[in-house]
Amino acid sequence: MTAREPGAGAAARSGPRAAGERDRGVWSRDFGLFFVARAVARLGDTMLPVALAAGLLERGYGAGAVGLAMAASTAAFAGLVVFGGVIADRFSTRRLMIGADLTRVCTQSLAAGLFFAGHVVLWELCVIGFVNGVAAAVFQPGVASTLPRLAADVQGANAAIRIAESAAQLAGPAFAGLLVGFASPGGVFAAHAGTYAVSALCLLLLRLRPLPPDTLVATGRALRAFRADLVRGWREFRSRTWLWAVIAIWCLYMIAVNGPVVPLVATEVVQHHGARAYGLVNSALGAGTVIGDLLALRLRPRRMLRAGALSLCLYFTFPGAVGLGLGVPAMSGGAALAGAGMSFWGVMWATSVLTQVPPETLNRIHAYDVAGSLAMMPVGQALAGPAAVLLGADRVLLVAAVISLAVVALLLAVPAIRDLVRADASPAPS
């Protein structure tokens with residue numbers, strides 16, 4: 001579980017043409033379009049923290065303001081993505097995704113205009129972030145039912161998409177740092193709007209056959225059917241101990257680790273080393289995620305969640321290096337290790353969800369997964385500023401590093417997580 005989108009499980013296209021496409025493995029014209037859409041959108045998303053941190057600090061705001069601006073989007077996303085999962089089961093997911101992208105083209109263009117005009121107020125950025133979070137809540141569940149309709153090898157396709165997203169993370173922050181240095185934060189927001197426009201175009205050109213009739217949600221009276229879909233998704237979610245246990249543990253991770261780390265690392269590095277240094281550190285994080293994704297593309301452990309949890313041990317090096325006040329090279333090295341561990345876990349987790357959950361409830365369970373994964377992140381982001389004032393940003397980051405290791409211990413302590421066998425594994429010899 002990361003803040004990035006995995007894909008979905010076992011839904012298949014119907015018809016001979018679709019079957020032939022799937023037999024070719026991962027790569028096809030349509031998968032290529034989806035690959036580009038996700039990579040370009042991710043490029044823009046990784047540019048945003050640089051623009052927010054540099055733009056708000058430039059205008060006299062502190063770490064608390066950066067955390068609130070980030071939390072506005074995360075809170076809207078986490079609070080509404082469950083409803084987005086039900087909507088995705090009842091309407092055309094591709095159209096919903098295109099509409100969400102176009103909405104974000106408008107909001108990020110507005111943010112760019114505010115920065116270019118020099119009229120930047122925190123509440124305006126929070127409102128824009130909230131709208132972006134709503135759009136993301138509509139967009140994200142559609143990813144869950146699109147990826148397996150494009151490729152037969154779910155883990156391979158998932159890893160390929162994540163490699164593209166990781167490569168974008170490698171380039172995005174550095175590019176954002178250059179734009180901030182040579183232009184302004186407004187230029188980053190304008191470029192971000194452009195990435196959503198490209199994503200929308202790729203999705204518009206995508207050709208997807210309808211899902212088989214038995215995977216579609218039955219219609220009925222709107223409110224009653226909507227509520228029934230939510231309840232069914234919840235029942236499916238809570239019936240899998242490994243699934244809800246990971247989400248429960250991940251709430252701790254988000255509130256105490258990822259939530260505060262994102263804004264505090266941004267403000268600490270930008271304040272002490274500049275926006276370009278922050279771009280370099282984030283690029284190192286992206287390089288690490290590429291390495292982790294490449295490993296996930298090749299390694300197929302029988303107990304995926306156990307292997308993924310062990311890889312998470314590497315994450316503590318990132319907040320630890322920044323919290324100790326080490327130099328940019330050391331912070332970059334810690335970021336690279338953290339990215340590798342986090343991305344390997346992400347592929348292992350996403351593939352487990354995609355292959356262990358039935359296709360007819362995948363959008364809704366994926367939405368519960370994402371909502372639970374991110375529910376506490378805005379709390380952590382919003383508390384980052386007050387905690388930094390009370391304890392110091394460096395101490396908060398060191399505490400986050402220690403808790404990241406405690407989270408690994410908790411994951412491995414749950415038998416349902418530790419012993420979950422991958423869906424396509426051969427039976428153990430008797």
Side-chain angles (χ1 to χ4, degrees), residues 1-6 38-39 41-50 53 70 155 158-177 250 253-254 257-266 268-270 273 276-299 304 307-324 326-351 373-374 377 380 397 400-401 403-405 407-408 411:
M1 267 158 342
T2 64
R4 281 331 303 163
E5 5 339 0
R38 300 308 309 132
R42 181 59 177 161
L43 178 69
D45 290 341
T46 58
M47 293 163 59
L48 188 58
V50 180
M70 293 181 179
Q155 181 176 338
N158 188 30
I161 292 292
R162 285 176 176 269
I163 289 171
E165 293 176 345
S166 299
Q169 184 168 334
L170 175 63
F175 182 50
W250 212 251
Y253 185 87
M254 284 298 176
V257 182
N258 208 23
V261 163
V262 174
L264 291 184
V265 165
E268 284 291 288
V269 177
V270 170
H273 303 280
R276 294 185 191 179
Y278 181 61
L280 178 62
V281 170
N282 270 277
S283 294
L285 183 67
T289 58
V290 171
I291 294 171
D293 291 332
L294 287 172
L295 288 173
L297 188 61
R298 298 188 62 85
L299 301 178
M304 303 178 72
L310 289 172
S311 74
L312 277 177
C313 290
L314 296 174
Y315 188 81
F316 89 100
T317 58
F318 186 29
V322 180
L324 290 172
L326 303 181
V328 174
M331 290 189 294
S332 299
L337 289 173
M342 180 63 76
S343 64
F344 189 83
W345 158 262
V347 175
M348 296 300 103
W349 166 254
T351 305
S373 301
L374 297 180
M377 187 172 182
L397 288 171
I403 294 177
S404 70
L405 295 177
V407 164
V408 173
L411 290 170

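These numbers were taken from a predicted model, which means no experiment stands behind them. Side chains included, hydrogens not; waters and symmetry mates left out as well; all remaining heavy atoms used.
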- Task: Would you name the heavy atoms of L326 and H273 that are closest together and state the gap between them?
- Result: O-NE2, 4.4 Å

- In terms of heavy-atom contacts, G308 and S311 come closest through O-OG, 2.6 Å

- Looking at L312, D293, L299, which one forms a side-chain contact (heavy atoms from CB on, under 4.5 Å) with F344? L299

- Task: For residues C313 and L405, report the shortest heavy-atom separation together with the two atoms involved.
- Result: O-CD2, 3.7 Å

- Might you point out which heavy atoms bring S332 and A284 nearest each other, and give the distance in Å? O-CB, 3.3 Å

- Note on the structure: Minimal heavy-atom distance between A400 and V261, with the atoms involved, is CB-CG2, 3.9 Å

- Under 3.5 Å donor-acceptor, S343 side chain and A340 backbone: yes

- Message: Test of understanding: with side chain to side chain contact (heavy atoms under 4.5 Å, CB included), list the residues that count as partners of I291, not counting sequence neighbours.
- Response: L295

- Task: May I ask you to check whether W250 and W345 place their ring centres under 6.0 Å from each other?
- Result: yes

- Query: From L397 CG over to E268 CD, what is the distance, rounded to the nearest 0.5 angstrom?
  - Reply: 6.5 Å

- Item | Closest approach of L285 to A335 (non-hydrogen atoms, all atoms of both residues) | CD1-O, 3.1 Å

Donor-acceptor pairs under 3.5 Å, side chain of residues 314-321 to any protein atom, not counting sequence neighbours: which ones?
unit_1, atom_1, unit_2, atom_2, d
T317, OG1, L314, O, 2.8
T317, OG1, G334, O, 2.9

- Item | Nearest-0.5 Å distance, CG of residue L411 to CG of residue L310 | 10.0 Å

